[in-house]
Amino acid sequence: QVQLQESGPGLVKPSQTLSLTCTVSGDSITTNYYYWSWIRQPPGKGLEWIGYIVYSGSTYYSPSLKSRTSISRDTSKNQFTLQLSSVTPEDTAVYYCARGVRPLNYDYWGQGTQVTVSS
């Protein structure tokens with residue numbers, strides 16, 4: 001069974017960088033062609049796609065967040081990470097990692113982790 005789990009700080013100060021890690025088990029992020037993705041959901045709002053990384057290491061980001069987003073991976077740990085710089089309170093959300101069978105269609109999700117941006 002494929003499992004994903006997010007980890008990282010739950011509180012980030014404005015202007016700092018949000019950093020989260022997704023640990024994957026049951027599949028290799030470097031073997032099969034899946035879209036290892038980050039998605040977020042602000043309070044009371046819908047899901048917003050952030051970006052993804054594929055098995056080759058290529059990355060793709062939402063145009064609205066591209067300038068602030070970096071997705072990377074640690075293949076030895078079967079993990080991929082999200083860094084979102086210059087955060088504001090509008091970045092407060094539940095952040096999910098997920099496996100996509102297509103760029104925006106996901107079959108496995110992490111449970112999500114709450115990140116609050118506040119001073």
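Just so it is clear, the model here is predicted, and its values are computed rather than measured.
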Enquirer: Side-chain contact test, heavy atoms from C-beta onward, threshold under 4.5 Å: evaluate it for T31 versus Y33 and give yes or no.
Expert: no
Enquirer: Just how far is it from atom OG of S85 to atom CD of Q16, taken to the nearest 0.5 Å?
Expert: 12.0 Å
Enquirer: Between atom CD of Q79 and atom OG of S25, what is the distance when rounded to the nearest 0.5 Å?
Expert: 11.0 Å
Enquirer: Quick one: are L11 and S118 in side-chain contact, heavy atoms under 4.5 Å?
Expert: yes
Enquirer: Given the rule in the side-chain hydrogen bond (donor to acceptor under 3.5 Å, both in side chains) test, do T81 and S72 qualify, once you have shown the distances and angles that lead to the verdict?
Expert: CA-CA 5 Å; T81 63; S72 59; 2.6 Å; yes
Enquirer: Taking all atoms of both residues into account, what is the closest heavy-atom pair of A93 and P43, and its distance?
Expert: CA-CD, 4.4 Å
Enquirer: Heavy atoms, side chains only, cut-off 4.5 Å: are T88 and P14 in contact?
Expert: no
Enquirer: Between Y60 and P103, is there a side-chain heavy-atom distance shorter than 4.5 Å?
Expert: no
Enquirer: Please verify the inter-ring angle class for Y35 with Y52; under 30° counts as parallel, over 60° as perpendicular, anything in between as tilted.
Expert: perpendicular
Enquirer: Do you know the tightest heavy-atom contact between Q114 and T92?
Expert: NE2-CG2, 3.7 Å
Enquirer: Tracing side-chain links under 4.5 Å among I, L, V, M, F, W and Y, which residues wind up in one group with V87?
Expert: V2, L4, V12, L18, L20, V24, I29, Y34, W36, W38, I50, I53, Y61, L65, I71, F80, L82, L84, Y95, V101, Y108, V115, V117
Enquirer: Please identify each residue that fulfils ring-ring contact (aromatic ring centres under 6.0 Å, His included) with Y96, with sequence neighbours left out.
Expert: W109
Enquirer: Once rounded to the nearest 0.5 Å, what's the spacing between atom CD of Q3 and atom CZ of R99?
Expert: 12.0 Å
Enquirer: With sequence neighbours left out, which residue pairs that include part of residues 62-81 fulfil the salt bridge (Lys or Arg N to Asp or Glu O under 4.0 Å) condition?
Expert: R68-D91
Enquirer: Could you give the distance from CZ (R102) to CG (D107), rounded to the nearest 0.5 Å?
Expert: 12.0 Å
Enquirer: At their closest point, which heavy atom of P42 faces which heavy atom of G46, and how far apart are they?
Expert: CD-O, 3.6 Å
Enquirer: Where the side chain of E6 meets the backbone of G112, is there a donor-acceptor pair that is under 3.5 Å apart?
Expert: yes
Enquirer: Side chains of Q83 and S19: closer than 4.5 Å at any heavy-atom pair?
Expert: yes
